[in-house]
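Just so you know, ligand 1 is whichever comes first in the structure, and atom 1 is the first atom listed for that ligand.
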Amino acid sequence: MRIAMIGTGYVGLVSGACFADFGHKVTCVDKDSSKIEGLDAGVMPIWEPGLEALVKANVERRRLSFTTDVTKGVENAEAVFIAVGTPARRGDGHADLTYVYEAVRELAKVIKPGTVVVTKSTVPVGTGDKIVAILNEEGAEGISVASNPEFLREGAAIRDFKIPDRIVVGAEDERAREVLREIYRPLFLNQAPILFTGRRTAELTKYAANAFLAVKISFINEIANLCEAVDADVQDVARGIGLDNRIGPKFLHAGPGYGGSCFPKDTLALLQTANEAGVEQQIVATVVKVNDERKDSMAARVERALGGVAGKRLGVLGLAFKPNTDDMRDAPSIPLVKGLVERGADVIAFDPVAREQAEKILTGIEYASDAYTAADGADAVVIVTEWDEFRALDLDTLAGRMRGKTLIDLRNVWDPVEAERAGLTYLGIGRGAPSA
Ligand code: NAD
């Protein structure tokens with residue numbers, strides 16, 4: 001199959017490279033010329049494990065190419081995927097579809113009858129219908145429009161794409177179903193379930209999935225608060241409920257609140273859709289509020305734990321919204337670090353890969369080159385992102401380099417007993433009574 005991918009960000013680049021690896025001929029288009037120049041020179045615009053090698057291998061086999069020119073990218077493509085950003089619109093949280101509609105207008109001028117246009121971007125219910133209307137307006141005829149939401153996770157994106165739990169395809173005609181079945185054929189061989197639905201159902205499925213995961217996270221965070229008040233350990237509660245097949249162990253990790261490029265904006269967009277449809281979504285509305293409050297409360301939590309932070313030196317470990325990515329979008333580290341600086345703390349932060357992204361957002365702090373340097377002379381160290389390397393720290397060395405001896409572990413990566421053995425005062429999340 002010949003595929004064009006409009007938008008070469010996280011989703012577009014990973015999907016494009018994986019489709020090429022399946023054997024399709026893929027052209028990734030982006031209007032950001034510096035991104036395309038970089039990719040042509042082998043420089044990845046994002047940090048994602050395995051991506052550079054995958055891109056390189058498929059460029060060498062001439063199955064993957066990059067361009068800023070939509071006409072060149074789209075001509076002869078049997079399927080054109082749209083993977084541009086759909087950020088939250090300022091003010092009302094509605095998904096901003098400007099980039100999607102702009103891309104559709106551009107490609108409408110150049111696609112040929114029979115092409116299948118597929119939204120991979122997360123778009124609200126009814127967006128496919130609007131795309132059909134725009135294509136008609138622009139005089140593009142005989143085009144199928146389908147929805148194929150993407151469920152990959154940053155940090156494990158290639159694996160998620162190649163071994164997905166499921167593929168959801170929302171289509172209204174047989175041509176679209178046929179083309180998408182052919183594109184994903186290599187995955188059927190691996191027995192990945194493919195679910196064909198109506199287009200609107202597929203669009204909503206993506207929001208429902210993200211909202212449900214956000215509910216799980218906020219649920220365990222509130223249980224963690226209760227654990228702290230009643231001397232129970234949330235790690236054990238999570239394990240105790242997670243072993244129940246009906247609940248499952250994933251997304252039950254108490255922490256500083258969810259961030260990232262998807263959950264915050266997608267929960268808000270779902271609420272907007274519900275609002276427009278006149279249907280209340282009280283659970284999701286509460287989760288948005290609970291999570292915002294949680295992220296905003298972390299600086300005060302650190303302040304309380306230390307009896308004030310003014311003039312104190314605090315080592316912050318991890319800035320990206322989660323491990324294995326340099327993505328800082330809506331990261332819990334942002335309100336935390338800003339809150340600590342506002343309270344007069346001196347922050348010295350370390351993240352294994354997100355420093356460059358973080359420097360654009362978090363100013364007025366120092367950046368360290370490794371975790372131990374961040375701990376040098378610190379009154380306390382705060383773990384904010386659960387990078388594996390923070391699990392492997394030598395706590396005796398860490399404690400030895402600190403001035404104070406408090407370890408605030410907002411991700412529960414450490415065993416309190418081990419931390420205390422290293423002479424540290426340990427404060428985790430929801431660990432009223434650490435497990436025996
Ligand atoms: P991103 O911001 O990393 O990438 C979007 C890219 O689109 C940018 O490089 C931008 O320059 C380009 N672009 C915008 N308009 C264009 C146009 N008209 N022509 C060509 N290129 C254009 O975004 P992302 O994180 O990849 O997200 C893309 C979509 O996928 C969003 O809807 C998001 O919600 C969804 N999604 C993201 C993830 C994730 O983990 N990042 C996972 C699943 C779904």
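The parts of S121 lying near ligand 1 are both backbone and side chain, judged by heavy-atom distances below 4.0 Å. Counting heavy atoms under 4.0 Å from ligand 1, residue R329 touches it through the side chain alone.
Tested against F22 for a side chain to side chain contact (heavy atoms under 4.5 Å, CB included), the candidates R63, R185, K162 yield a single pass: K162.
Of the possible polar contacts, none joining the S218 side chain to the V215 backbone as a donor-acceptor pair under 3.5 Å is found.
Atoms of ligand 1 lying under 4.0 Å from at least one heavy atom of L152, given by number and element, are 40 (O), 42 (C). Listed by number with element, the atoms of ligand 1 under 4.0 angstrom from any heavy atom of A83 are 5 (C), 28 (C).
At under 3.5 Å, not a single nitrogen or oxygen of D266, backbone or side chain, sits near a nitrogen or oxygen of ligand 1. Checked against a 3.5 angstrom limit, the closest N/O atoms of E102 and ligand 1 fall outside it. Below 3.5 Å of separation, one finds no N or O of E150 facing any N or O of ligand 1. Remark: ligand 1 and I6 share no N or O pair separated by less than 3.5 Å (distance only, no angle test). Backbone and side-chain nitrogen or oxygen atoms of Y99 are examined, and none is located within less than 3.5 angstrom of a nitrogen or oxygen of ligand 1. Looking at K120 next to ligand 1, no N or O pair under 3.5 Å apart turns up. Where the criterion is an N or O separation shorter than 3.5 Å, residue side chain and backbone included, K35 meets it with respect to ligand 1.
Summarising the geometry of I220 relative to A238, their closest heavy-atom pair is CD1-CB, 4.1 Å, with the distance given to 0.1 Å. Contact between E203 and Y207 at its shortest, heavy atoms only, is O-CD1, 3.4 Å.
A cation-pi arrangement is absent between R294 and Y258 under the rule of less than 6.0 angstrom and at most 45 degrees off the ring axis.
With atom 32 (O) of ligand 1 as the reference point, the heavy atom nearest to it among V104, T86, V123, D30 is part of T86.
Under a 4.0 Å heavy-atom criterion, R153 is not in contact with ligand 1.
Closest to atom 4 (O) of ligand 1 among all protein heavy atoms lies G9 CA, 3.1 Å.
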